[in-house]
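Sequential numbering from 1 along the given sequence is applied to the chain's residues. Keep in mind that what you see is a predicted model, and the values were worked out from it rather than measured.
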Amino acid sequence: MSEKAKEHQWYLPEKSREQLRELFKELVHPVNLHLFTLKGTNDLFNEFLSRFVDDLAFLEPRIKVHRHTVGDDASRSHKVTYSPTVLVEPERYHIRFVGAPMGEEGRSFLEALLLTSKRASGLSDESKSVLETLEEEREVKVFVSPTCPYCPAQAVNAFRAAVERPDKVRAWCVEIGQMHELADRYGVGSVPQTNFNEKLNILGLEPELRFVGELVLLKDMQAMLEAPRHKPGETVEVDCLILGAGPAGLTAGIYAGRAGLKTIILEKATIGGQVALTPVVENYPGFANIPGITLMEVMAAQARQYCEIIQEEPVSLSATKDAIEARTASLAVKAKALLITTGATWKKLDAPGEAEYFGHGVNYCATCDGYLYKGRTVLVVGGGNTALTDALYLKNLGVDVSIVHRRGEFRAERYLSDTVGREKIPTYMNSVVEAILGDVKVNAVALRDTVTGGTKKVKTDGVFVAIGETPNSEPAARLGCRLTEEGNIVVDSRMRTNVPRVYAAGDVTGGVRQIITAVGQGGTAALSIFEDLAASEHS
């Protein structure tokens, strides 16, 4: 190491520097980083980014740092107006980070260095062929937060497109915690959110090909990429029909298919269910930690080897002693057995404004969307373990958080209640939400005191609802399946309901609502269906 490097005041720890030295062995061509800052605006983030890129330049001579001030000739030339901003190899490409990459998006920043240095996008041949058809310019803004594990991959989708078509594609990665004004302008209420040319907004992480298709066509590609296998109105006969493509349904599809049962899974919403919305799963055997959406993509890919997954819901459903019949908007299904794995959904307050402001101040996942409210004020509604855990998590992020609970004491475990007290998190006990108020976004909540009956208006930037879950057991109720008082489907140890040929598994049955539980029940249900159908054929 040179004497100059030894004297350098390192910002990155030694372990990180060792990892980066190894990573930078992959660099091919020099990479120019143009850093734009403005004193008095986001000074903390300006300093972080300045020291970060300095460290990179000391570690790797092929990384060159050029400094500018927002408002100078260079910033006007590149149309840079936000501090801090860093452009990656702007001599060849249009890739910019608006805000300092301090968390998860640091991974996408390093990926941008590699892509521009190699001067190769790494896109699949199929994606490249789609992108070749692009004739008009595109500007893509990916809004991210430091705690979002899905965000880096979505930003890299944009960077790959910008490297492949530098003549047409400009890619931004915008850190919402530092760039509130931009986030507000684009109505960002959850991340990752991607804006294409001011015309198309997409939520969530997308497969590469879908992303490229939307970039070119400026249309949501989900339906276009999932071409149906069946003709409209066709009747399909199967052994097993599964409702729901969460962990239980996907596992059952694998087991049923491997047992030789022809199987179709119908899913009305997101494949993977609530797990797909979970940023990081840390208690699934075999994975120390894994993004929920990644785990579900792995499960879904395996399930598709053994059964068909159709993203439609039944508009009619019936069960007789001879068959199960379901009809969707495009086809009819006749099955010998039905497995209900429709999961559960977050309970709603059913207060005025809750649905209206969902994604615009009303949230149900503190881990996913909490960072958006750093430095802002929020209310967590609930008194159980989830509510108090969410409140403590938000406070740790730097959110000004208070708790609203309808009773005089919490239902959560004692250690959580004690921690909330030690952290001096304000509470509104014996209070319920009468209405959620706002204009474009939430700006206040009307609370009613359950003891006095009095009401008051509390200003807030957001509301996190954490009051439990409701089982999605409507299909079972329609078929006459027995339910508990809470609405969970009653099953025996083999996942059978009281209705012949109808089974249930996963969160919709209540109990311990964990991925591993759903997976075990899904496998059990599929094997029960196989055994029961085999027995009926030989009886």
Can you name the nearest heavy-atom pair linking [X] to [Y], along with the distance?
X	Y	value
Leu250	Ala300	CD1-N, 3.9 Å
Pro166	Tyr93	CB-CD2, 3.7 Å
Ala303	Ile309	CB-CD1, 4.4 Å
Ala344	Asp507	N-CB, 4.0 Å
Asp43	Leu38	OD1-O, 3.9 Å
Asn42	Ser83	ND2-O, 2.9 Å

Could you check whether [X] pairs with [Y] (Lys NZ or Arg NE/NH1/NH2 to Asp/Glu carboxylate O, under 4.0 Å)?
X	Y	answer
Asp461	Lys441	no
Lys118	Glu26	yes
Arg76	Asp73	yes
Glu14	Arg17	yes
Glu132	Lys128	no
Arg107	Glu105	no
Glu111	Arg160	yes
Arg170	Glu139	yes

Establish, from distance only, whether the side-chain atoms of [X] and [Y] form a donor-acceptor pair under 3.5 Å.
X	Y	answer
Ser145	Glu175	no
Ser417	Arg414	no
Ser121	Glu164	yes
Glu469	Thr345	no
Thr386	Thr389	no
Thr460	Asn443	no
His34	Glu91	yes
Asn385	Glu413	yes
Tyr373	Asn363	yes
Lys141	Tyr186	yes
Glu181	Tyr82	yes

Partner of Trp172 by side chain to side chain contact (heavy atoms under 4.5 Å, CB included), out of Thr194, Leu182, Val142
Leu182
Under the criterion side chain to side chain contact (heavy atoms under 4.5 Å, CB included), which of Val401, Val458, Asp400 is the partner of Thr377?
Asp400
Begin with the C-alpha distance, continue with both residues' side-chain angles, and end with the deciding distance and a verdict on side chain to side chain contact (heavy atoms under 4.5 Å, CB included) for Phe36 and His78.
CA-CA 10 Å; Phe36 296 81; His78 290 288; 4.2 Å; yes
Does the cation-pi check pass for Lys348 over Tyr364, that is, NZ or CZ under 6.0 Å from the six-membered ring centre and within 45° of its axis?
yes
Derivation of the side chain to side chain contact (heavy atoms under 4.5 Å, CB included) call for Leu215 and Phe196
CA-CA 7 Å; Leu215 175 69; Phe196 297 89; 4.0 Å; yes
Scan residues 372-381 for pairs that pass salt bridge (charged side-chain N to carboxylate O under 4.0 Å, His left out), counting only residues two or more places apart or in two chains.
Asp184-Arg376
Looking only at the aromatic ring of each residue, does the gap between the centers of Phe159 and Phe97 stay below 6.0 angstrom?
yes
Would Phe410 and His405 count as a close aromatic pair, with their ring centres under 6.0 Å?
yes
Please answer whether the main-chain N or O of Asn46 pairs with a side-chain N or O of Ser50 as donor and acceptor at a distance below 3.5 Å.
no
Quick one: does Asp390's side chain have a donor or acceptor within less than 3.5 Å of a partner on Ala387's backbone?
no
List the steps, then state whether side chain to side chain contact (heavy atoms under 4.5 Å, CB included) holds for Val70 with Thr85.
CA-CA 9 Å; Val70 174; Thr85 294; 6.0 Å; no
Tell me, please, which residues at least two apart from Glu354 pass salt bridge (Lys or Arg N to Asp or Glu O under 4.0 Å).
none
Between the CD1 atom in Ile425 and the OG atom in Ser402, the distance rounded to the nearest 0.5 Å is 8.5 Å
Please round to the nearest 0.5 Å and tell me the distance separating atom CZ of Arg165 and atom OG1 of Thr133.
8.0 Å
Candidate pair Arg210 and Glu214, rule side chain to side chain contact (heavy atoms under 4.5 Å, CB included), full reasoning:
CA-CA 6 Å; Arg210 177 183 169 184; Glu214 289 169 345; 2.9 Å; yes
For Tyr11 and Phe48, take the angle between the two ring planes, folded into 0 to 90°, and tell me which bin it lands in: parallel under 30, tilted 30 to 60, perpendicular over 60.
perpendicular
